Enquirer: 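Input: one structure, supplied below.
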Amino acid sequence: MTAPAGFECLADGNIVPGKPVFRSRLLIGGVLPVGTSMLTFSSFEPGFGFVEQSPMTGMRRWQHERRIDDVPGGCRVTDMLNFQPGMFPGLTAQLVALFFHHRHRRLRRMFGEIQ
């Protein structure tokens, strides 16, 4: 996903529930464009989580809920997805799973992992 120049942190944005924050290009491997998303949150609580319901190319429905819970020694990030692809449901589910696996791997690399 792309973000506007200078936009580095969701907490820095002017997030109003139900209003798009920005338009993002969806890229496979960071280079191959496959669509767009109007990043939109139905709820947003910095440090605790959000519910994103963004209109997105190729999706009839997209809902991404992220929870951040305190645990001894750090925090736990949990992503719950509910989506309905417009086409190729099996392939889309695999691509979404790969994307979130990659995202969680990057989070662990950036912030470490609780042993």
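All values below were derived from every heavy atom in this structure, side-chain atoms included, with hydrogens, water molecules and symmetry-related copies excluded. Each residue takes its place number in the sequence, starting with 1. Since the structure is predicted, the reported quantities are computational estimates derived from the model, not experimental observations.
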Enquirer: For residues Leu81 and Val96, determine if any side-chain heavy atom of one lies less than 4.5 Å from a side-chain heavy atom of the other.
Expert: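 They are in side-chain contact.
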Enquirer: Please work out whether the ring planes of Phe44 and Phe50 are parallel, tilted or perpendicular, with thresholds of 30° and 60°.
Expert: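 Taking Phe50 first and then Phe44, their aromatic rings lie parallel (interplane angle under 30°).
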Enquirer: Within a reach of under 6.0 Å around CZ of Phe48, are more than 12 heavy atoms found that belong to other residues, nucleotides or ligands?
Expert: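 For Phe48, atom CZ is not crowded (no more than 12 foreign heavy atoms under 6.0 Å).
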Enquirer: Are side-chain heavy atoms of Arg105 and His102 found at a separation under 4.5 Å?
Expert: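 Side chain of Arg105 against side chain of His102, heavy atoms only: contact under 4.5 Å found.
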Enquirer: Residues in side chain to side chain contact (heavy atoms under 4.5 Å, CB included) with Phe111, at least two apart?
Expert: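 Expected list: Leu107.
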Enquirer: I need the Met56 CE to Leu26 CG distance, nearest 0.5 Å.
Expert: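 The CE atom of Met56 sits 6.0 Å away from the CG atom of Leu26.
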Enquirer: Just distance, no hydrogens or angles: give the donor-acceptor pairs under 3.5 Å from side chains in residues 14-24, sequence neighbours left out.
Expert:
residue: Ser24; atom: OG; partner: Thr2; partner atom: N; Å: 3.0
residue: Ser24; atom: OG; partner: Thr2; partner atom: O; Å: 2.7

Enquirer: Checking side chain to side chain donor-acceptor pair (under 3.5 Å) between Asn82 and each of Arg61, Gln63, Gln53, which is the one that passes?
Expert: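 Exactly one candidate clears the test, Arg61.
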Enquirer: More than 12 foreign heavy atoms under 6.0 Å from CZ of Phe88: is that the case here?
Expert: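 It does not: Phe88 CZ has 12 such atoms or fewer within range.
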Enquirer: Once rounded to the nearest 0.5 Å, what's the spacing between atom CG of Leu10 and atom CG of Leu39?
Expert: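 Reported value, rounded in 0.5 Å steps: 6.5 Å.
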Enquirer: Check whether any side-chain heavy atom of His64 lies under 4.5 Å from a side-chain heavy atom of Phe100, and answer yes or no.
Expert: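 They are in contact (side-chain heavy atoms under 4.5 Å apart), so the answer is yes.
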Enquirer: Treat each ILVMFWY residue as a node, draw an edge where side-chain heavy atoms are under 4.5 Å apart, and state whether Phe41 and Phe83 are in one component.
Expert: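 Same cluster.
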Enquirer: Rounded to the nearest 0.5 Å, how far does OG1 of Thr92 lie from CD of Gln94?
Expert: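 Going from the CD atom of Gln94 to the OG1 atom of Thr92 covers 9.5 Å.
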Enquirer: Is it true that the side chains of His104 and Asp79 contain a donor and an acceptor less than 3.5 Å apart?
Expert: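 There is such a pair (donor and acceptor under 3.5 Å, judged by atom type) between the side chains of His104 and Asp79.
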Enquirer: So, the side chain of Ser54 versus the backbone of Glu52: is there a donor-acceptor pair under 3.5 Å, distance only?
Expert: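 Checking the backbone N and O of Glu52 against the side chain of Ser54, no donor-acceptor pair under 3.5 Å is found.
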Enquirer: Identify whether Met87 and Leu91 are in the same connected component of the hydrophobic contact network (ILVMFWY, side-chain heavy atoms under 4.5 Å).
Expert: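 Same hydrophobic cluster.
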Enquirer: Side chains of Thr57 and Thr36: donor-acceptor distance under 3.5 Å anywhere?
Expert: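 A pair is found: one side chain offers a donor N or O, the other an acceptor, under 3.5 Å apart.
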Enquirer: Do you know the tightest heavy-atom contact between Pro85 and Pro89?
Expert: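 Minimum heavy-atom contact is CG-CA, 3.7 Å.
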Enquirer: Tell me the closest heavy-atom pair linking Ile68 and Gly49, and the distance in Å.
Expert: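 Smallest heavy-atom distance, with atoms named: CD1-N, 4.4 Å.
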Enquirer: Evaluate the side chain to side chain contact (heavy atoms under 4.5 Å, CB included) criterion for residues Arg76 and Arg67: first the C-alpha distance (whole Å), next the side-chain angles of each, then the deciding distance (0.1 Å), finally the verdict.
Expert: CA-CA 8 Å; Arg76 175 181 296 118; Arg67 287 195 347 238; over 6 Å; no
Enquirer: Are Met1 and Trp62 linked, directly or through other ILVMFWY residues, by side chains that come within less than 4.5 angstrom of each other?
Expert: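 Per the 4.5 Å side-chain linkage, Met1 and Trp62 are co-clustered.
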Enquirer: Check Glu65 against Val51 and note the closest heavy-atom contact, atom names and distance.
Expert: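 Scanning both residues, the minimum pair turns out to be CG-CG2, 3.9 Å.
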Enquirer: How would you list, by chain and number, every residue that makes a salt bridge (charged side-chain N to carboxylate O under 4.0 Å, His left out) with Arg108, sequence neighbours excluded?
Expert: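 Partners of Arg108 by the salt bridge (charged side-chain N to carboxylate O under 4.0 Å, His left out) criterion, ordered by chain and then number, come out as Glu113.
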